[in-house]
Visitor: 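This is the structure, below, for whatever I ask next.
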Amino acid sequence: MNKKIGFIGCGKMAQAIIGGILKSKTVAPGHIIATAKSKETLADVNNRLGIEISLSNKQAAVERDILFLAVKPDLHSAVIDEIKDHIKPEAIIITIAAGISLDYLEKAFGQKIKAIRSMPNTPSLVGEGMSAIAANTLVSEEDLEEVIQIFSSIGRAEVMEEKMMDAIPAISSSSPAYVYMFIEALADGGVKAGLPREQSYQLAAQAVLGAAKMVLETGKHPAELKDQVCTPGGATIEAVAELEKKGFRAAVLSAMEECYDKAKALSDINK
């Protein structure tokens, strides 16, 4: 891809995306620039990734074909005011912040822009991310393919209608937190049964990773895969029955509803 890419903000998620781009050789290091408030952060990023760095958001915005707004939601307004007169007319603007709508971006820039609303998650840091992407009408099919290529470098990417984006935190962006709690609980169970703590974490985490890959790679329904583990009269079906009795599914669904309500409230603020 012969594009110049800019990152306003260079936190962990931005670094994950940059690392994925470089690892996949989608864009050369010399075609990427990132900004941060801290000189120490910029020096570290430059040393590890070899990209151009700057303290100036304006410098990162000028002549960039693709520009990531990798800052917190409450910083978008100030950042956009700073750079809106310095972007290329055909630049693709991508936000990775929760609750920042396409309409908000268009109004904040005060001009017609190619806008992308994205929602990556923290497993992107290890190349196993899940990113949801929504685009406005000015983004062409070619533009969208380039954006998908970038997000695919850190995992998987799905394009969807923006009206669905408020549901994304509950199912893929916030859900790693639920999974970490599940892994911790499994490990605690292992420790209770006499297993060493570190081995318990390894066993639990690998089991969750393997189960997820089974769903993705076999294409089988999760219920079918569950049934394959539950032999008649065996130990697994006893555990499954206990989870059902304790409201395992209901608890997950309730947590997701709470997460969705909060995400929707944040999104409504930025419309």
Side-chain angles (χ1 to χ4, degrees), residues 3 5-14 16-17 33-37 56-62 64-122 124 129-141 143-144 146-148 150-151 154 157-174 256-271:
K3 299 289 184 180
I5 304 178
F7 286 81
I8 307 294
C10 200
K12 288 184 179 180
M13 190 59 68
I17 296 171
I33 185 172
T35 69
K37 292 182 178 180
S56 170
N57 291 333
K58 292 179 183 178
Q59 183 180 344
V62 171
R64 293 294 132 176
D65 302 298
I66 300 172
L67 183 63
F68 281 84
L69 303 182
V71 295
K72 295 178 180 179
D74 61 341
L75 296 178
H76 273 60
S77 179
V79 166
I80 292 171
D81 280 343
E82 185 181 357
I83 67 171
K84 64 183 180 182
D85 295 326
H86 302 277
I87 62 170
K88 290 177 66 173
E90 293 297 308
I92 303 170
I93 309 297
I94 305 174
T95 178
I96 64 173
I100 299 296
S101 68
L102 296 175
D103 184 59
Y104 173 89
L105 290 176
E106 292 167 359
K107 288 178 179 177
F109 275 93
Q111 57 184 296
K112 291 183 178 180
I113 59 167
K114 295 181 177 181
I116 297 278
R117 179 179 176 181
S118 71
M119 186 63 62
N121 64 7
T122 56
S124 300
M130 183 68 247
S131 301
I133 301 167
N136 72 357
T137 56
L138 293 180
V139 175
S140 69
E141 287 295 326
D143 294 332
L144 194 55
E146 290 176 342
V147 173
I148 291 170
I150 289 172
F151 281 102
I154 54 170
E158 286 286 335
V159 179
M160 55 188 58
E161 296 180 57
E162 189 186 12
K163 65 182 181 181
M164 301 179 184
M165 290 294 286
D166 290 332
I168 298 306
I171 193 168
S172 64
S173 295
S174 299
M256 291 180 70
E257 286 174 3
E258 292 293 323
C259 189
Y260 170 78
D261 288 344
K262 181 64 174 181
K264 186 69 167 60
L266 289 171
S267 183
D268 288 342
I269 292 172
N270 294 311
K271 282 186 176 176

Visitor: So, using side-chain hydrogen bond (donor to acceptor under 3.5 Å, both in side chains) as the criterion, who are the partners of Glu258 when residues are at least two apart?
Guide: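 Partners of Glu258 under the side-chain hydrogen bond (donor to acceptor under 3.5 Å, both in side chains) test: none.
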
Visitor: Answer yes or no: is there a side-chain heavy-atom contact under 4.5 Å between Leu138 and Ile113?
Guide: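 The answer is no; the side chains never approach within 4.5 Å.
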
Visitor: Rounded to the nearest 0.5 Å, how far does CD1 of Ile80 lie from CD1 of Ile93?
Guide: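 One finds 8.5 Å between CD1 of Ile93 and CD1 of Ile80.
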
Visitor: Between CG of Leu102 and CG of Asn136, what distance do you get to the nearest 0.5 Å?
Guide: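 Leu102 CG to Asn136 CG: 5.5 Å, rounded to 0.5 Å.
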
Visitor: Of the non-hydrogen atoms in Ala98 and Pro73, which two are nearest, and what is the gap between them?
Guide: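 Closest heavy-atom pair between Ala98 and Pro73: O-CG, 3.5 Å.
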
Visitor: Who passes salt bridge (charged side-chain N to carboxylate O under 4.0 Å, His left out) against Asp81, sequence neighbours left out?
Guide: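 Partners of Asp81 under the salt bridge (charged side-chain N to carboxylate O under 4.0 Å, His left out) test: Lys84.
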
Visitor: Who pairs with Ala34 by side-chain contact (heavy atoms from CB on, under 4.5 Å), at least two apart in sequence or on another chain?
Guide: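 Partners of Ala34 by the side-chain contact (heavy atoms from CB on, under 4.5 Å) criterion, ordered by chain and then number, come out as Phe7, Cys10, Ile18, Ile51.
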
Visitor: If you count every heavy atom of other residues, nucleotides or ligands that lies below 6.0 Å from Ile171 atom CD1, does the total exceed 12?
Guide: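 For Ile171, atom CD1 is not crowded (no more than 12 foreign heavy atoms under 6.0 Å).
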
Visitor: Give a yes or no on whether the backbone of Ala157 and the side-chain of Ser131 come within a donor-acceptor separation of less than 3.5 Å.
Guide: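 No; zero donor-acceptor contacts below 3.5 Å.
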
Visitor: Please step through side chain to side chain contact (heavy atoms under 4.5 Å, CB included) for the pair Met256 and Tyr260, ending with a clear verdict.
Guide: CA-CA 6 Å; Met256 291 180 70; Tyr260 170 78; over 6 Å; no

Visitor: Specify the closest pair of heavy atoms between Pro120 and Ser173, including all atoms of both residues, with the distance to one decimal.
Guide: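 Result for this residue pair: O-OG, 3.5 Å.
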
Visitor: Taking side-chain hydrogen bond (donor to acceptor under 3.5 Å, both in side chains) as the test, write out the residues that go with Ser77, two or more places apart.
Guide: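 Testing Ser77 for side-chain hydrogen bond (donor to acceptor under 3.5 Å, both in side chains), a comparison that skips the adjacent residues, returns none.
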
Visitor: Can you measure from CE (Met119) to CZ (Phe151) and round to the nearest 0.5 angstrom?
Guide: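 Result: 10.0 Å between the selected atoms.
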
Visitor: Supply the atom-to-atom distance Met165 CE to Ser118 OG, rounded to the nearest 0.5 angstrom.
Guide: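 Answer for the CE-OG pair, Met165 versus Ser118, is 6.5 Å.
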
Visitor: Before you tell me yes or no, could you show the steps for Phe68 and Ile150 under side chain to side chain contact (heavy atoms under 4.5 Å, CB included), namely the whole-Å CA-CA distance, both residues' side-chain angles and the distance that decides it to 0.1 Å?
Guide: CA-CA 11 Å; Phe68 281 84; Ile150 289 172; 3.9 Å; yes

Visitor: Taking salt bridge (charged side-chain N to carboxylate O under 4.0 Å, His left out) as the test, write out the residues that go with Lys37, two or more places apart.
Guide: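 Not a single residue meets the salt bridge (charged side-chain N to carboxylate O under 4.0 Å, His left out) criterion with Lys37.
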
Visitor: Would Gln59 and His86 count as a side chain to side chain contact (heavy atoms under 4.5 Å, CB included) here? Give the steps.
Guide: CA-CA 8 Å; Gln59 183 180 344; His86 302 277; over 6 Å; no

Visitor: Looking at Leu105, Val71, Leu69, which hits side chain to side chain contact (heavy atoms under 4.5 Å, CB included) with Ile100?
Guide: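 With Ile100 as partner, Leu105, Val71, Leu69 yield a single side chain to side chain contact (heavy atoms under 4.5 Å, CB included), made by Leu105.
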
Visitor: List for me each residue that meets salt bridge (charged side-chain N to carboxylate O under 4.0 Å, His left out) alongside Arg117, sequence neighbours excluded, and say none if there are none.
Guide: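 With neighbours one apart ignored, the set is Glu162, Asp166.
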
Visitor: Just verifying a value: how many Å separate Ile5 CD1 and Ile66 CD1, rounded to the nearest 0.5 Å?
Guide: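 Between Ile5 CD1 and Ile66 CD1, I get 4.5 Å after rounding to 0.5 Å.
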
Visitor: Could you work out, with side-chain hydrogen bond (donor to acceptor under 3.5 Å, both in side chains) as the rule, every residue matching Asn57, not counting sequence neighbours?
Guide: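 Counting only residues at least two positions away or on another chain, Asn57 forms a side-chain hydrogen bond (donor to acceptor under 3.5 Å, both in side chains) with Thr35, Glu82.
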
Visitor: Suppose we screen for side-chain contact (heavy atoms from CB on, under 4.5 Å). Which residues come up paired with Glu90, at least two apart in sequence or across chains?
Guide: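 side-chain contact (heavy atoms from CB on, under 4.5 Å) check on Glu90 returns Lys114.
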
Visitor: Nearest 0.5 Å please: distance from the CD1 atom of Ile33 over to the CG atom of Leu67.
Guide: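 So the gap between those two atoms works out to 10.0 Å.
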
Visitor: Using a 4.5 Å cut-off on heavy atoms from C-beta on, say whether the side chain of Val147 contacts that of Asp143.
Guide: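 Sidechains of Val147 and Asp143: no contact.
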
Visitor: List the atom of Pro169, the atom of Ala263, and the distance in Å for their closest heavy-atom pair.
Guide: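 That closest heavy-atom pairing would be CG-CB, 3.8 Å.
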
Visitor: Please assess Glu106 against Lys112 for the test side chain to side chain contact (heavy atoms under 4.5 Å, CB included), listing each intermediate value before the final yes or no.
Guide: CA-CA 6 Å; Glu106 292 167 359; Lys112 291 183 178 180; over 6 Å; no

Visitor: Kindly write out the residues that satisfy side-chain hydrogen bond (donor to acceptor under 3.5 Å, both in side chains) with Thr95, not counting sequence neighbours, or none if the list is empty.
Guide: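 His76.
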
Visitor: The criterion is side-chain contact (heavy atoms from CB on, under 4.5 Å); which residues satisfy it with Glu161, sequence neighbours excluded?
Guide: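 Partners of Glu161 under the side-chain contact (heavy atoms from CB on, under 4.5 Å) test: Lys163, Met164.
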
Visitor: Taking only residues two or more places apart in sequence or in another chain, which ones pass side-chain contact (heavy atoms from CB on, under 4.5 Å) with Lys88?
Guide: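 side-chain contact (heavy atoms from CB on, under 4.5 Å) list for Lys88, sorted by chain: Glu63, Asp65, Ala91.
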
